[in-house]
Structures are given as structure tokens and as C-alpha cells.
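See structure below.
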Amino acid sequence: MVVRLPRVKLLLLDGHSLAYRAFFALPVENFSTSTGQNTNAVYGFTSMLINVLRDEAPTHVAVAFDVSRQTFRLQEYSEYKAGRSKTPSEFSSQLPLMREVLDALRIRHVGVEGYEADDVIATLTRQATAAGGEVVVCTGDRDAFQLVTDKVSLIYPVRGVSEVWRMDPAAVEEKYLVPPERYSDLAALVGESSDNLPGVPGVGPKTAAKWLGQYGDLQGVVAHVDEIKGKAGENLRAHLEDVLRNRRLNRLVDDLALPLGVEDLERASWDREEVHRVFDGLEFRVLRDRLFQTFEVEADEVEGGFDLEGHVLDTPALLARLADPARAATVHSLVVGGHFRGGVGDASSLAVAGDGGVAAHVDLTALTPDDEAALAAWLADPAAPKVLHDVKPQLQALSTRGLALRGVTSDTALAAYLVRPDQRSYDLEDLVVRHLSRELRTESAGASDQGQQGMLDLETDDDSSVRDAMVRARAVLELADVLAEKVEETGGTGLLHDLELPLVDILAVMERTGVGVDEDALTALEADFAAKMRQAQQDAYDAIGREDVNLGSPKQLQEVLFGQLDMPKTKRTKTGYTTDADALADLFVKTEHPFLEALLRHRDTSRLRVTVEGLIKSVAPDTRIHTTYLQTIAATGRLSSTDPNLQNVPIRTEEGRRIRDVFVVGDGFESLMSADYSQIEMRIMAHLSGDDGLIEAFRSGEDLHRFVGARVFSVAPEDVTLEMRSKVKAMSYGLAYGLSAFGLSKQLTITTSEAQGLMDEYFARFGGVRDYLREIVVEARATGYTATMLGRRRYLPDLLSDNRQRREGAERMALNAPIQGSAADIIKLAMKGVDSALRESGARSRMLLQVHDELVLEVAPGEREDVEALVRREMGSAIDLGDVPLDVSVGVGRSWHDAAH
DNA sequence: TAACCGACGTA
DNA sequence: CGTACGTCGGTTAC
């Protein structure tokens, strides 16, 4: 049975061959313990193991060993591996030590009597790939080359233990002139001296590869053996039996019965005490340090929780402390218990921690009026410093209860985000382990469960959840200190205090305000799209003469398109052939089958219907939609919007724009205003690159793509055709994403060389852009990170990966991150500016939405002109781009659609 | 029920 | 073989 495993990257090492390499590579006299035990093989193997664990970050690991020299290969051929000097005892004595190391690291090892390590590896490789996993094989045995595919790569030590080759199919072919699946054929012809398998005399890899290329594979060579001329051909005929025997022997067995399966190989955190014991015994000090440094998070001492004994204050004592003028500058951490979602919520409790290890817990629902007033005053005091973890939902919950929160000097989630913006989560639990090397141990099982918006869900004020909240508060307080240093080290202190933290309050208000929708129009739209969807579905069914197909199922669609209708195959996906809109449109050009037209129409309308449905579900009782902005998700520094996502409301098609028309101005307001930056990313590129041509383009006031097109195609601006313009537009935007000639050619349906020509021409005219893009990557490779105009960093360790795909992916991220990220910086600055200016002017108009380069505002009666001037001013002057102007375009209307411009 | 995938909306 | 997101429905694994 084939078991599908989630996200498997399996690392398989050949323990024997790697250790054997190490044994001969490392001078034994430098590697022995005070008791005389040799350790060079164990050392070299362990060192390689650490490197490959670090570089490959596998999810699953196993090490295969040879069990004995008595194998089926020896039975078939008594000279197998003969002539290999008897394994020195200095080597074999180290094998048990390797197993000890692996046991301490909790890495499984396996060997099968009568077979070699490579057979074990082949078997696990087959199992893992059959389940959809990726495999990395690390071995010094060349027979494993036959396993290499696009899902299986091979790491092969070339010199000593520190230099390795990472072989993918292309690398194998480059080295041996045949693809991996032919490597064993080649080896059979050439022979393998280390296994004492003689090949055809006078035939090396080149000749063998030539034959294999000529006749397809070894079978083909054998079938045409009589046609091969010359001395080589004679020798081949004379040694044909040897060749066939070699091929039988070098074929790896991939169906062994193993005592464990891939699912048993998941990486586990290692046995810390055992690692110390084993490494002490081997006297591997440096290696142990490297191990712990490399895997800091797993390895750092994970100590107990946060002690509260003797430091818990009751509410009066807490309030007395908070009101003490001598403690006015003392930083306290806060953990708000309660919930917040969709614009409403409540705060039911508060945990506080401060210096001296004190902690307190306050039930907000049971406070005396005096106590509540005292607490409210402290919470609202901007001079009383507070730190929280993920402050926005807590701020919202307090606000629902009428409590203001000011004086927030740090948010540990934001701080951790600025230090490393591409983590998948910033849970307090994770941060405590990562940055404090401790465990946030909580007493009650459910206490670590996150409520909505990452808040502590403290519906019940039982003792253990009270205690947990205080423990969390203590953790936040300590974390804030540690993170402040790390933020400072990465140059993010200004970003945190002057940008991200002030933005929290602005976003909170925007979320709470929400955006008005016309519910009736929304409902009508839903009905309309649903009807059109049904019609499209019926048309699709009529076109294929059956109704038993779920048009929403790519799997069933493939059956219809490539089975029933026998259409040409499209691009492959992991599970079959794509049925995406591009591919369907392509098929329609080829076949003109009416099913495709109806299917595409069904796709479009059902997508619109689903979008509308989602919006209907999220309309709050105030007939407004309250999205939630997430500030720590996008690695580039952008915001994201969720629940619902208001940053992907359709705009490109006429039908889609009907959805925008449902977002309307609310009661008591006059209109919606949409203000956006035009071509902000290109402007940033012009500024950062200093390219004279591009700067001139923006200064001229000419249409950007027309201007650029005129230069690229060497014509006058007025002679730039629409086709030229769209090509140049695609290229300009693509540049900031690391677009390749291949990608451009696909998008524009031109040949790769035409696309390349276009790019060459572009870079010839705008050389500054080329230099800038090149320089970004070079610098990021040297420093390890990219930085935006405000110094927001993104670390890209994969720039140094020896996996080409990962490396090139990281290069594209490096190209894009400073540009997209600087744009994010700029609009965040603009939001601050607009917010302050609105406040200072006393206007009632307010910001509602942010869509990366656009702000949507709700304009109060009579304020349109002032607000427009204010928004243009604040957005336009958010940052200085030198010679490049920041252009803002503004539109006003009753709906978001009408406000478009 | 949870996790993944393909598909698709936005900047 | 173009970056950054969030959401949905269908499918598959547990």
C-alpha cells in the first residue's frame, strides 16, 4: 500500500561508505581519545552529518549500514570486492561508536543481513518517493547515482569530509555524459575497480556513453554488439559476460523487507544528556559546540518554567505599585484575557508582571469602581511603559470594555518579526524557546491554546489559567528585553518604535471602524452570479453530453478533457495535468470545443459567487465589514488582510468590479475616497538604481511604459504601439520579481530568444537598473540579508545554498524584497502621516482600508477638498525619493468602485 | 477532521 | 523558469 506522507524530505546516509571516506581522509593520529580509541571515522562522519542536516533541513533521517561482507553479490561473484584490503580494525572498532552517536541524536540506523547499505537506501528511497516525498542521499558509493531523479538528489563527498558535490540529474549527466538511469549501464561497461568488477578493457566513460547514446541503453548495446567496430568492439564482445554480471551486481535492490518504514524516521529532538555523555567520551568538544550552535533552538538548555513563588500580588497591592510615582518608569508586561473577533470582543482579565519577579492577576469583571478607574488611568497613561505580545487584539478587547491602552513600548511579536520576518509563527511559546531557551510550561492543558487573534482565552478564571496568564506575563517581560537587543542588533529599533508600534493603533481603529457595505446589493449580486454559474454549468454539461462531473474538481475535469475529449495534455502538476485558466484558454484555441468556453465561464462566475458569499458571511451587525490586518505575516514588510481578505477584492473584470460597487459610504458620511501611489515600485527602482533614463521617465510626466517603450524599441514616444507598450510593461514589472527570459517569453507568447533580445535591449537602455539588481544580490549574498529604505531586513540564507533551485529562488526574493518592502515602508509612513494630519485638522473623515499601495477613506460631509489635499500631501511626502516624484492619484465616489480613477 | 493541493483574486 | 499574500473546494490521509 502506498502511504502518502505530509511534507517529507528524507535524508539517507550510507554510514559505512561515509565513515570509510573519513577514515582515510583524516589523519588518525589527530583523532584519538586519551584512552587510545581512534575516532577519525566517527568524527568525519558526524561532521558530515551535522553539515548535511544543517544544509538540507530534512524532516526524516536514517543511516544505513552494511551488516557483513557476506552479501548476495558475493554469492554470485566470489571475487566481489576482493582485493580490497581487509577492513582495518582501527576502522571497525569505530562502527559501534557511530551507532552510539546516532542513538544519542535519536537518528535511526538500519542494516539488512546479506545486503549492502545502498540496497537499504534504495528501498527507503523508493518508499519515500512513492509517498510523494523528496529524498537526499549522502553516500560515497557511486552505485547510488542510479537513484537520482528530480525528487532524489545525491550528496557525494569529493575531497576529505568537507567538500561535497550535490548531484541532481543534470549534474550526473554533466559528469558522466549519461542520465542517472543509465549510470549503472555505464558503470557495468567501464567497470568499478573498488568493487573489483573489471569492465571492458580500453573502454572508459566516454566510449561507454557514446554507445549508450547510440543504442539507448545497455540492452541496446548488447543487441547491436556485432555492429560495434574496432578494438573496443572486439573487447566488448570478449567481455560481454563480465559486463552483464557487473550490471546484475550494481543494480540496487529496492524492495527489501525493512524493520522500519519512512514514517518511523521523523526527526526527533535529541537526547541531550546522552549527547553530552557520548561526545564527552569521544572528546568531541568542538564538534559538540558546532552541533549545538547549528541547532541552537533544539539544543539550548531548555529550563523549567517561570517561577511565581512568593511574588504574586493581589489587586490592591498591584494598583498601589502601579500608582507609586517612584515606579512611574518601571516597565510592566500585560496579558489580556478575553476574546476579540470581527470588530467586537471583550476583555475579562489582566495579568501583569514587573521587576523583582512580581506578577498579578486582575478580574476585570469584579473590580470596584475606584479600582477600575485607577487601572484605567494606568492603562491609558502614555508615560507608563508596557510591553505585550501581539498587542492589537488585546488593545481591541480592552477598547470594547471602554479601556484605552497607551504607553506600549514594545510588542514582542512585532520585535521578533523585525528580527526574522519570515518565521511562520510568532507564538509566545515558540519565541520563549527560540529567544529565551526556555519552555513556557503551563499547568493546565488547554492554557496554551490560542483564542481568537492569538489571545489567551480565559473564559474560566480557575486557578491554573490565572497562573498561566501570570507566567505568560513574566515570559513577555523577559522576552521584551532580549528582543530589544536583537532588534537593535539588526537595526530595527527605529522601525519598531517609529513605524510598526504606532501603526498598531491606526490599524486597530481601521479594523474597528470597518467599511460599509450595501447588504441588499450584495445579496442581489450573489443571486445573479449564482444564476450565471448555473447557466454556465448547464452549457458545460450540454457540451459534453453528461452531467455527472463536478466542474470544481480538477481531477474529474482531467478525466473529461484528456480522457473523454482526448485533448492534448497540458503542463504537469504534482498530481496530473493542469486545468488552470491559461491552459484552458490555450486548449480552446487549439480545439474550439464549446465545453471549454462554458467551463471558463463557470470558473469565473463561481469564483465571483464564492467571493460574494464570503463577504455576506462577514457583514457585522453594524452592516459593515471589519477585516483584520496582520502585521507579522509578509516577509517583505507588507500587511496582510484576513477574515475577510479585503486586499484581493476583484477589480480587473467588469463583473468583478460590481463587487467593489457594494462597498459604500456609511451613514453620516459623504463619500469614499481612494488614493493610490502610481507605479510606486518602479519609482523606488528608479530612485534606488539612480538610473538616469528611468528617473527621466518619471520626471517627464510621460506615460511610463510609453517612455520606456520608446527607448527600448528606438522609436518616438508617439510611435510606441499598444503591443510594444504592453511588452515593456510586462518586462518592467517582471524585473522586480526576477523574471527570466523564459518566463517573459511564456507570458508574451514569444520565443525565448525574442524575450532575451527584449531584455538585452531594455538593459542596454537602462543599465543602471541592471547594475542595481545585480548589486542587490551580490550584497545580500555577502551580508546574508536585504534591506529596505528604512532598514527593514530580510535574511536569505538560501543565497548560499548549493541547491540551485533554492539558491535561485532566494535570488529572486532578494531582488524583490527591497522594492516591495520599501513600498510597504512608504505606505506605512503615509498612514502615520494621514492619521496625524486628520487628527490635527480635527477632521471627522477616517481611514478604512489599506491595499498595499492604496488607502481608502470615508469622507465626512464638507471635508472632501481638505481631505484630498491632506492625503495627497501626506502620501506624496511620506519619503524623499530624490529626483523621483511620488505620484498620488485620488478618486471619490459613493462606492469603492466609483472612487476608482 | 486536518492537511494538502490546485486554482485564482489582489498589489 | 515572476515576488508577496488569503481563501475556497476537492481530495486524501488519519
Side-chain angles (χ1 to χ4, degrees), chain A residues 1-8 131-132 263 421-422 550-558 570-584 599-600 602-604 606-615 617-618 627-630 633-653 655-657 659-660 676-682 730-747 752 755-756 786 794 796 804-805 808-821 823-824 827 849-854:
Chain A
M1 191 183 71
V2 174
V3 181
R4 199 165 187 85
L5 302 164
R7 290 195 315 280
V8 167
E263 67 279 9
D422 43 17
N550 181 343
L551 299 180
S553 162
K555 194 169 167 250
Q556 294 179 37
L557 284 178
Q558 288 173 53
T570 56
K571 219 179 78 183
R572 280 219 62 117
T573 65
K574 278 182 189 171
T575 54
Y577 300 94
T578 184
T579 67
D580 67 21
D582 277 352
L584 294 181
L599 177 58
L600 281 165
H602 178 265
R603 279 265 175 82
D604 285 346
S606 81
R607 170 82 201 207
L608 291 167
R609 189 189 63 86
V610 165
T611 301
V612 171
E613 235 175 16
L615 291 173
K617 280 188 204 138
S618 48
T627 185
T628 301
Y629 290 102
L630 301 179
I633 295 291
T636 52
R638 276 188 177 180
L639 299 177
S640 81
S641 156
T642 179
D643 202 18
N645 180 359
L646 293 186
Q647 290 178 326
N648 72 342
V649 179
I651 191 169
R652 286 174 211 249
T653 66
E655 288 288 83
R657 283 194 287 275
I659 299 179
R660 289 209 166 205
D676 65 40
Y677 285 118
S678 59
Q679 288 134 355
I680 188 166
E681 295 197 352
M682 287 300 289
M731 191 158 45
S732 288
Y733 280 113
L735 284 180
Y737 301 149
L739 185 67
S740 65
F742 178 87
L744 185 65
S745 73
K746 286 215 80 161
Q747 193 185 321
T752 312
Q756 188 59 56
T786 62
R794 176 172 185 184
L796 293 164
R804 200 183 66 159
Q805 209 172 324
E808 291 181 348
E811 286 169 359
R812 290 191 295 270
M813 293 177 204
L815 284 181
N816 179 251
I819 300 168
Q820 190 186 118
I827 195 154
L849 303 176
Q850 189 252 42
V851 192
H852 307 309
D853 66 357
E854 173 188 13

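Below, all heavy atoms of this structure are taken into account, side chains as well, without hydrogens, waters or symmetry copies. Letters go in sequence order (proteins before strands), and every chain restarts at 1.
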Quick one: A:Gln679 CD to B:dA11 C1', roughly how many Å, whole number?
13 Å

Without decimals, in angstroms, what is the distance between A:Glu854 CD and B:dT10 C1'?
10 Å

Out of B:dG6, B:dA11, C:dG2, which has the shortest distance to the side chain of A:Tyr733?
C:dG2

Drop me the distance from A:Gln647's CD to A:Leu849's CG, to the nearest 0.5 angstrom.
9.0 Å

Taking any heavy-atom pair under 4.0 Å as a contact, classify A:Leu608: base, sugar-phosphate, or nothing.
nothing

Tell me: CZ of A:Phe742 to C1' of C:dC1, nearest whole Å?
6 Å

Calculate, to the nearest 0.5 Å, the distance between atoms CG and CZ belonging to A:Leu630 and A:Arg638 respectively.
14.5 Å

Atom-to-atom span, CG of A:Asp582 to C1' of B:dG9 - whole angstrom:
14 Å

Could you check whether A:Ala581 gets within reach of a base, just the sugar-phosphate, or nothing at all, counting any heavy atom under 4.0 Å?
sugar-phosphate

Which heavy-atom pair separates A:Glu854 from A:Ile827 by the least distance, and what is that distance?
N-CD1, 3.6 Å

Nucleotide B:dG9, atom P - distance to CG of A:Leu646 in whole Å
17 Å

Using a 4.0 Å heavy-atom cut-off across all strands, classify A:Thr611 as base, sugar-phosphate, or nothing.
nothing

Do any N or O atoms from the side chain of A:Arg657 and from the backbone of A:Arg652 form a donor-acceptor pair under 3.5 angstrom?
yes

Would you say A:Arg603 and A:Thr579 make side-chain contact, with heavy atoms under 4.5 Å?
yes

Just verifying a value: how many Å separate A:Leu615 CG and A:Thr627 OG1, rounded to the nearest 0.5 Å?
10.0 Å

Ignoring the backbone of A:Thr575, work out which of B:dC5, C:dT3, C:dC1 is nearest its side chain.
B:dC5

Check this for me: does the side-chain of A:Arg603 come within 3.5 Å of the base of B:dA7 through a donor and an acceptor?
no

Minimum heavy-atom separation for A:Tyr577 and A:Thr570, please, with both atom names.
CD2-O, 3.2 Å

A:Arg638 side chain N/O closer than 4.0 Å to the phosphate oxygens (OP1, OP2) of B:dA11?
no

Under 4.0 Å from OP1 or OP2 of B:dA7: is there any side-chain N or O of A:Thr579 that close?
yes

Cut-off 3.5 Å, side chains only: do A:Arg812 and A:Ser740 have a donor facing an acceptor?
no

A:Lys571 atom NZ is separated from B:dC5 atom C1', nearest whole Å, by 14 Å

Can you measure A:Gln820 atom CD to B:dA11 atom P for me and round it to whole angstrom units?
13 Å

For B:dC8, does OP1 or OP2 lie under 4.0 Å from any side-chain N or O of A:Arg652?
no

What string of B, S and - do you get for nucleotides 5-10 of chain C 5' to 3' if you count protein non-hydrogen atoms under 4.0 Å?
SBSS-S

Between P of B:dG9 and CG of A:Asp604, the distance in whole Å:
6 Å

Give a yes/no on whether any side-chain N or O of A:Ser740 is located under 4.0 angstrom from OP1 or OP2 of C:dG2.
yes

